[in-house]
Protein chains: 2
Amino acid sequence: MASHGARGRGGGRPTLEEVAARAGVGRGTVSRVINGSPRVSDATRAAVEAAVAELGYVPNTAARALAANRTDAIALVVPEPETRFFAEPYFSDMLRGVGAELSDTEMQLLLIFAGSDRERRRLAQYLAAHRVDGVLLVSVHADDPLPDLLSQLEIPAVISGRRSADETLPSVDSDNYGGGRAAVEHLMARGRRKVVHLAGRLDVYGAQRRVDGYRQALLDAGREVDDRLIVPGDFTENGGRRAMTLLLERCPDLDAVFAGSDVMAAGARQVLREAGRRIPDDVALVGYDDSAIARHMDPPLTSVRQPIEEMGRTMIDLLLGEIADRRPAVSRGLEKRQLVLPAELVVRASS
Amino acid sequence: MASHGARGRGGGRPTLEEVAARAGVGRGTVSRVINGSPRVSDATRAAVEAAVAELGYVPNTAARALAANRTDAIALVVPEPETRFFAEPYFSDMLRGVGAELSDTEMQLLLIFAGSDRERRRLAQYLAAHRVDGVLLVSVHADDPLPDLLSQLEIPAVISGRRSADETLPSVDSDNYGGGRAAVEHLMARGRRKVVHLAGRLDVYGAQRRVDGYRQALLDAGREVDDRLIVPGDFTENGGRRAMTLLLERCPDLDAVFAGSDVMAAGARQVLREAGRRIPDDVALVGYDDSAIARHMDPPLTSVRQPIEEMGRTMIDLLLGEIADRRPAVSRGLEKRQLVLPAELVVRASS
DNA sequence: AGGTACTGTGGGAGCGCTCCCACAGGTGAT
DNA sequence: ATCACCTGTGGGAGCGCTCCCACAGTACCT
């Protein structure tokens with residue numbers, strides 16, 4: 001005459017034990033049903049599921065984490081201040097891909113910013129406490145200590161892009177080389193004779209690869225590569241302006257510019273306008289990233305699109321694999337752990 | 001002769017027990033030191049802290065959560081699709097305030113989107129599992145079932161804004177009434193004779209309060225309020241255009257418009273331009289939100305600023321209080337649980 | 001001297017799971 | 001019939017903490 005129906009007395013949540021009692025089975029059996037083990041007869045499974053439904057049972061995550069030594073959570077770590085995170089579509093696209101791929105899973109996603117030193121210290125503490133099963137690291141700089149910290153703590157991790165040609169961590173990159181090639185081949189196919197390259201920061205691996213693509217496209221077409229026509233910007237609008245100015249000086253008869261980012265292309269466009277060059281009539285312009293800037297530029301900018309959302313999805317796949325691999329003490333050896341996804345040229349009016 | 005120095009054998013992390021052994025004290029004492037209990041002598045505390053440092057001890061969160069029945073995590077729930085989250089400065093400001101206030105704490109912040117039905121079901125499951133100690137609910141609609149779910153699960157929660165005049169949940173709102181008043185008083189002080197109001201959706205409590213402020217400012221100045229000069233838009237640019245058109249019809253000699261949001265003000269501006277009214281010469285215009293739109297409008301828009309970042313900080317304060325209150329079985333009664341922060345008029349060239 | 005009341009400390013019990021060993025009962029080979 | 005070997009099941013042990021009771025030691029009152 002005390003309690004009544006669903007959940008026992010005291011407002012506490014039902015436990016495995018209570019479900020077991022209700023279903024007339026043992027604790028182990030309920031656990032097996034909850035975790036989808038095949039070693040349960042259909043009749044028993046049905047009985048347990050009924051009891052779960054009646055009691056409104058929800059597993060206690062903390063207890064599970066303690067007993068099984070896993071958290072069912074992964075972190076998306078953004079080593080940038082929040083402002084950049086909100087400003088750049090890169091991150092929201094990535095987040096969408098990650099979220100989509102994760103929604104089929106029981107895994108929980110945590111978003112962690114590590115822009116300031118203080119935040120980084122917190123993060124280190126957090127990782128040391130093993131509060132996540134794995135980490136997704138986006139936008140890593142070549143000298144970032146985070147990747148090393150992660151492997152030292154033996155926490156599964158996947159990075160977007162890569163730090164160098166011989167990246168050791170599992171990674172998902174886009175084909176910067178192919179993207180660069182495609183941009184330049186497109187410009188040549190449009191009949192452009194003098195294609196110059198406004199490069200990104202050359203200490204960023206991806207930017208370097210775009211340069212390689214630029215080079216190879218010219219060579220394959222039997223043209224010469226003039227290193228003086230490859231001028232690095234710093235990924236900013238101002239850098240794009242400076243580099244473009246230099247390029248115009250060095251090569252007044254250029255008729256095509258391949259820029260390593262849309263933002264730099266925007267800077268270049270201003271300089272070209274001021275120099276009286278019409279786009280695309282006098283000079284064709286191609287950017288990189290296919291960001292909002294590209295679509296809203298006047299004229300709309302041809303740009304190389306990276307499949308960021310898909311990269312996010314792929315990173316999750318890789319990471320879940322890494323996590324699964326580490327559960328039994330067998331490492332199934334190194335499979336494909338560095339993936340490269342294709343980039344795609346989006347042609348608009350600027351070329 | 002087996003292991004060496006920091007952390008024992010087997011790569012496992014050190015436990016409380018090991019720290020206790022190392023420091024030559026009992027388990028309970030170490031726990032007390034870790035949790036900052038004052039009931040420990042200075043000498044003992046120092047010994048324990050040394051052992052902690054030597055072993056690189058980090059508490060196991062899962063064990064703590066299981067034993068103490070808390071998670072040290074709170075969730076920021078955004079009942080919107082991710083796109084809106086990234087598009088509106090409101091959320092990033094809020095997140096900044098929340099993050100700042102939380103960084104002094106051990107609390108972890110989770111960001112959860114609940115835009116789609118699917119995401120909502122996941123969230124419900126998540127909350128039922130009590131995976132967070134508390135919830136911050138931003139941008140709640142009047143008919144949202146989430147607040148009720150939270151109180152049913154007895155999870156501490158704080159909402160931004162409020163659903164009605166008699167909001168039951170702890171909440172942090174900004175002074176929409178005062179903001180509306182300030183806008184209108186400012187327009188009258190500038191010598192405007194005919195101030196009309198382009199209102200927001202009237203089923204949104206905050207929008208309603210802005211109308212109240214508009215009314216009262218006029219009444220206090222001894223003017224009449226004509227309800228036909230209060231036209232609701234729907235917070236969109238188009239809605240602003242439609243409402244403005246109507247207002248011009250009803251009151252051709254208006255010389256000031258108070259709009260319930262910057263976006264609607266932008267729509268109103270277009271209609272005014274097309275009607276040949278100059279801003280601010282013929283018509284003064286004031287918006288609400290002080291968003292990026294306001295700063296970039298031509299002319300820059302006078303607007304009412306809400307202290308969103310501070311609202312975020314305050315929400316955390318309230319929530320942490322709620323959580324703390326629920327730990328001992330004493331409810332210290334209802335204190336100030338519905339806070340209202342002042343709004344501030346930012347004057348620019350449009351008025 | 002005995003009482004009362006603190007402070008500081010040790011360690012048992014228990015949080016709700018998972019893991020795994022033990023074992024019953026069935027099945028098919030020898 | 002005997003053995004080997006499955007499938008399905010129960011339940012003990014233990015994950016690493018917190019909570020709390022017990023108790024030694026000291027201090028200060030009567």
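Lettering of chains follows the sequences in order, A, B, ..., and the numbering in each one begins at 1.
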key: Interatomic distance where CG belongs to B:Leu16 and C1' belongs to C:dG11 [whole Å]   =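 Going from B:Leu16 (CG) to C:dG11 (C1'), I get 13 Å.
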
query = Atom CZ of B:Arg45 and atom P of C:dT7: how far apart are they, to the nearest Å?
reply =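 One finds 14 Å between P of C:dT7 and CZ of B:Arg45, rounded.
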
ask   = Of B:Pro59 and A:Val30, whose closest DNA chain D nucleotide lies nearer the 5' terminus?
value =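 Per heavy-atom nearest nucleotide, the more 5' residue is A:Val30.
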
A:Arg27 vs A:Arg39, nearer the 5' end of DNA chain D by closest nucleotide =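 Here A:Arg39 is the residue nearer the 5' end.
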
The side chain of [X] lies closest to which of these nucleotides: [options]?
X	options	result
A:Thr44	C:dC17, D:dT9, C:dG8	D:dT9
A:Arg64	D:dG16, C:dT18, C:dG10	C:dT18
B:Ala67	D:dG16, D:dT9, C:dT18	D:dG16
A:Ala68	D:dG11, C:dG10, C:dC19	C:dC19
B:Val25	C:dG10, D:dG10, D:dC19	C:dG10

N or O in side chain of [X] less than 4.0 angstrom from [N] OP1/OP2:
X	N	answer
B:Ser31	D:dC17	no
A:Thr61	C:dC17	no
B:Thr15	D:dC15	no
B:Thr29	C:dG10	yes

message = Could you check whether the side chain of B:Arg32 and the base of C:dG10 have a donor-acceptor pair of N or O atoms closer than 3.5 Å, going by distance alone?
response =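 For B:Arg32, whose side chain was compared with the base of C:dG10, there is a donor-acceptor pair (under 3.5 Å).
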
inquiry  = Does this structure show an ion pair linking A:Arg326 with A:Glu322, if we count only N-O contacts that are shorter than 4.0 Å?
reply    =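 Result for this pair is yes, salt bridge flagged.
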
query = Any ion pair linking A:Asp117 and A:Arg120 (charged N to carboxylate O, less than 4.0 Å)?
reply =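 A salt bridge is absent here (no side-chain N lies under 4.0 Å from a carboxylate O).
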
query = Would you say A:Arg337 and A:Val158 make side-chain contact, with heavy atoms under 4.5 Å?
reply =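 Contact flag for A:Arg337/A:Val158 side chains = no.
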
task = Using the closest heavy atom to pick a nucleotide of DNA chain C for each, name whichever of B:Leu66 or B:Gly24 lands nearer the 5' end.
result =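 By nearest-heavy-atom nucleotide position, the 5'-most residue is B:Gly24.
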
